[in-house]
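I have placed the structure first, in the form of structure tokens, so that the comments after it can refer back to it.
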Amino acid sequence: QVRLVESGGGLVQPGGSLRLSCAASVTISSYNAMAWYRQAPGKERELVATITRLGSRNYTDSVKGRFTIFRDGAKNTVYLQMNSLKPEDTAVYYCNGKGNYDDYWGQGTQVTVSS
């Protein structure tokens, strides 16, 4: 069974930084794309950032210039570097791997931005 495991969440002050990690049980090159989503209580899950098999990256407007998605194929890991964090970034962040037929999800990691 494909597994994705997120780590790196926590409590950070506004303006601070966190780096989230997503470790996959299979080579990440087997996915068409990998992505980070987030979901705040009572809100829809939203797409934050994607990276394709070819390495192209896309971000939702609210995080452009602050977040960076990148990968380390040797470690089968995708990262989300989050800088200049704002309280509105508070959410559970989920790693997503897009296969040919299914999406695979991690269990999520909590990010809380508060003074």
Side-chain angles (χ1 to χ4, degrees):
Q1 186 175 56
V2 175
R3 290 183 59 85
L4 301 173
V5 180
E6 302 98 331
S7 62
L11 175 64
V12 64
Q13 295 184 0
S17 297
L18 285 174
R19 180 178 290 181
L20 306 183
S21 299
C22 173
S25 61
V26 298
T27 176
I28 59 175
S29 66
S30 66
Y31 298 106
N32 294 317
M34 297 196 73
W36 287 95
Y37 288 74
R38 66 186 181 187
Q39 188 168 26
K43 296 185 178 180
E44 294 287 318
R45 185 173 296 184
E46 68 168 337
L47 177 63
V48 176
T50 62
I51 183 166
T52 71
R53 178 183 276 123
L54 297 179
S56 62
R57 298 169 174 84
N58 292 101
Y59 303 92
T60 193
D61 287 344
S62 63
V63 309
K64 287 180 179 177
R66 301 189 297 120
F67 290 11
T68 303
I69 186 170
F70 62 101
R71 64 191 179 192
D72 184 337
K75 295 182 178 180
N76 294 329
T77 300
V78 173
Y79 303 90
L80 184 68
Q81 178 68 45
M82 305 185 293
N83 298 326
S84 302
L85 282 161
K86 304 175 180 179
E88 51 263 45
D89 295 317
T90 296
V92 178
Y93 284 71
Y94 296 92
C95 182
N96 168 257
K98 298 185 182 297
N100 286 329
Y101 309 107
D102 298 291
D103 284 8
Y104 302 93
W105 295 90
Q107 294 299 306
T109 185
Q110 176 71 48
V111 172
T112 301
V113 184
S114 176
S115 60

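Quick caveat, the model's predicted, so the values are computed rather than measured. The figures here come from the full heavy-atom set of this structure, side chains too, leaving out hydrogens, waters and symmetry mates.
- To the nearest 0.5 angstrom, S115 atom OG is 9.5 Å from L11 atom CG.
- Shown here are the salt bridge (Lys or Arg N to Asp or Glu O under 4.0 Å) partners of K98, two or more places apart in sequence or in another chain: D103.
- Heavy-atom contacts from other residues, nucleotides or ligands closer than 6.0 Å to CD of E88 number more than 12.
- Electrostatic pairing of K64 and D61 counts as a salt bridge here, judged by a charged N lying under 4.0 Å from a carboxylate O.
- Using modelled atom types, no side-chain atom of Y93 and backbone atom of V48 make a donor-acceptor pair closer than 3.5 Å.
- At least one test fails for R38 against the ring of Y94: distance under 6.0 Å to the centre or angle within 45° of the axis.
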Evaluate the criterion side-chain hydrogen bond (donor to acceptor under 3.5 Å, both in side chains) for residue pair R66 and N83; output intermediate values, then yes/no.
CA-CA 5 Å; R66 301 189 297 120; N83 298 326; over 6 Å; no
Apply side-chain contact (heavy atoms from CB on, under 4.5 Å) to the pair T109 and L20, showing each step before the final yes or no.
CA-CA 8 Å; T109 185; L20 306 183; 4.0 Å; yes
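- Atoms CD1 and CH2, on I69 and W36 in that order, are 8.0 Å from each other to the nearest 0.5 Å.
- Taking every heavy atom of both residues into account, A91 and A40 meet most closely at CB-N, 3.9 Å.
- To the nearest 0.5 Å, atom CG of residue L18 and atom OH of residue Y79 are 15.0 Å apart.
- M82 and V92 fall into different hydrophobic clusters, where Ile, Leu, Val, Met, Phe, Trp and Tyr residues are linked whenever their side-chain heavy atoms come under 4.5 Å apart, directly or through other members.
- Looking at S25, S30, S29 one by one, the single match for side-chain hydrogen bond (donor to acceptor under 3.5 Å, both in side chains) with T27 turns out to be S29.
- Follow the hydrophobic side-chain contacts under 4.5 Å out from V113 and you reach L80 in the same cluster.
- For S21 against T77, the heavy-atom pair with the smallest separation is CB-CG2, 4.2 Å.
- Closest approach of S84 to D89, counting heavy atoms only: O-OD2, 4.5 Å.
- Legend: side chain to side chain donor-acceptor pair (under 3.5 Å) pairs involving residues 67-76, not counting sequence neighbours: none detected.
- Annotation: the span from Y31 atom OH to N100 atom CG amounts to 11.5 Å, rounded to 0.5 Å.
- Here the closest heavy-atom approach between residue G99 and residue N32 is recorded as O-ND2, 3.3 Å.
- R3 forms no cation-pi arrangement with W105, by the criterion of a distance under 6.0 Å to the ring centre and an angle within 45° of the ring axis.
- A continuous path of Ile, Leu, Val, Met, Phe, Trp and Tyr side chains, each step under 4.5 Å between heavy atoms, connects V12 with F67, placing both in one hydrophobic cluster.
- In terms of heavy atoms, V78 sits closest to I28 at CG2-CD1, 4.1 Å.
- Two residues are said to be in side-chain contact when any heavy atoms from C-beta on lie closer than 4.5 Å; Q13 and S114 fail this criterion.
- The distance from atom CG of L4 to atom CG of N96, rounded to the nearest 0.5 Å, is 7.5 Å.
- How far CE of M34 is from SG of C22: 4.0 Å, rounded to the nearest 0.5 Å.
- The minimum heavy-atom distance linking V111 with G9 is given by the pair CG2-CA, 4.2 Å.
- The backbone N or O of Q107 lies less than 3.5 Å from a partner atom in the side chain of E6, making a donor-acceptor pair.
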